[in-house]
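Shown next, in structure tokens, is the structure this report addresses.
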Amino acid sequence: MNTRSICLAVLSFGEHSGYDIRKMLTEGPFSSFLAASYGSIYPALSQLESEGLIAGRDETESGRPTRRVFTITDQGQVALQADLLDVPKPDEIRSEFLLYAALSPRLPRDHIEAILSERIELMRRRLGEFEALAETEGKDCGSSA
């Protein structure tokens with residue numbers, strides 16, 4: 001999936017700025033899916049807006065720089081749906097955790113238990129994020145600019 005599709009996916013859950021999109025991809029609910037840099041997000045947003053797939057508006061707050069906020073359009077929803085019909089590429093998994101798991105017989109049991117407990121907690125938090133996304137999708141389903 002390309003940056004263009006990632007931006008449409010994030011915007012399908014609500015309006016966001018380029019900064020918001022990047023933050024959601026690095027720290028937020030989309031951080032488990034795909035990555036994109038500011039250097040790819042802003043050109044993608046510009047292209048999507050010129051194609052009419054998203055609509056942008058400027059927001060001004062006193063004492064803060066103007067920020068551009070984007071909303072997916074009906075055409076954007078159709079384009080996202082078409083993108084989602086592509087077969088996803090195989091996952092690329094690189095994980096320190098998997099290295100620890102592979103070498104677990106060489107580590108103290110209490111250390112492995114601590115690592116597993118931390119990983120279970122992380123997965124619970126991620127599951128909560130996915131559930132929150134699913135709830136958002138249900139509420140926003142069919143709404144667009």
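Since the structure is predicted, the reported quantities are computational estimates derived from the model, not experimental observations. No hydrogens, no waters, no symmetry mates; every other heavy atom, side chains included, goes into these values. If you read the sequence from its start, that first residue is 1, and numbering goes on from there.
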Under 4.5 Å between side-chain heavy atoms, chaining through other members, with only Ile, Leu, Val, Met, Phe, Trp and Tyr counted: pull out the rest of the cluster around [X], sorted by chain and number.
X	value
Leu116	Ile93, Phe97, Leu98, Tyr100, Leu107, Ile112, Ile115
Val69	none
Leu103	Leu99

| request: Output the distance between atom OH (Tyr42) and atom CZ (Arg22), rounded to the nearest 0.5 Å. | output: 10.0 Å
| note | Taken to the nearest 0.5 Å, the spacing of Leu53 CG from Gln77 CD works out to 10.5 Å
Run the side-chain hydrogen bond (donor to acceptor under 3.5 Å, both in side chains) test against [X] and tell me which residues pass, sequence neighbours left out.
X	answer
Ser17	Asp20, Arg67
Asp110	none
Glu27	none
Arg4	Glu51

| query | Taking 4.0 angstrom as the limit, do Glu59 and Arg68 come out as a salt bridge? | reply | no
| remark: With sequence neighbours left out, the residues meeting side chain to side chain contact (heavy atoms under 4.5 Å, CB included) with Ser40 are Thr3, Ala36, Ser37
| request: With sequence neighbours excluded, tell me which residues meet side chain to side chain contact (heavy atoms under 4.5 Å, CB included) with Thr66. | output: Asp58, Thr60
| message | Filter on salt bridge (Lys or Arg N to Asp or Glu O under 4.0 Å), then keep only pairs touching residues 89-99, sequence neighbours left out; what's left? | response | Glu92-Arg94
| Sidechain-backbone polar pair: Glu49 side chain, Gly56 backbone, donor-acceptor under 3.5 Å | yes
| Residues Leu45, Leu11; criterion side-chain contact (heavy atoms from CB on, under 4.5 Å); working and verdict | CA-CA 10 Å; Leu45 291 171; Leu11 292 173; 4.2 Å; yes
Using distance only, find each side-chain donor-acceptor pair of residues 118-133 under 3.5 Å and give its atom names and separation, not counting sequence neighbours.
unit_1	atom_1	unit_2	atom_2	d
Arg126	NE	Ser32	OG	3.2
Arg126	NH1	Ser32	OG	3.2

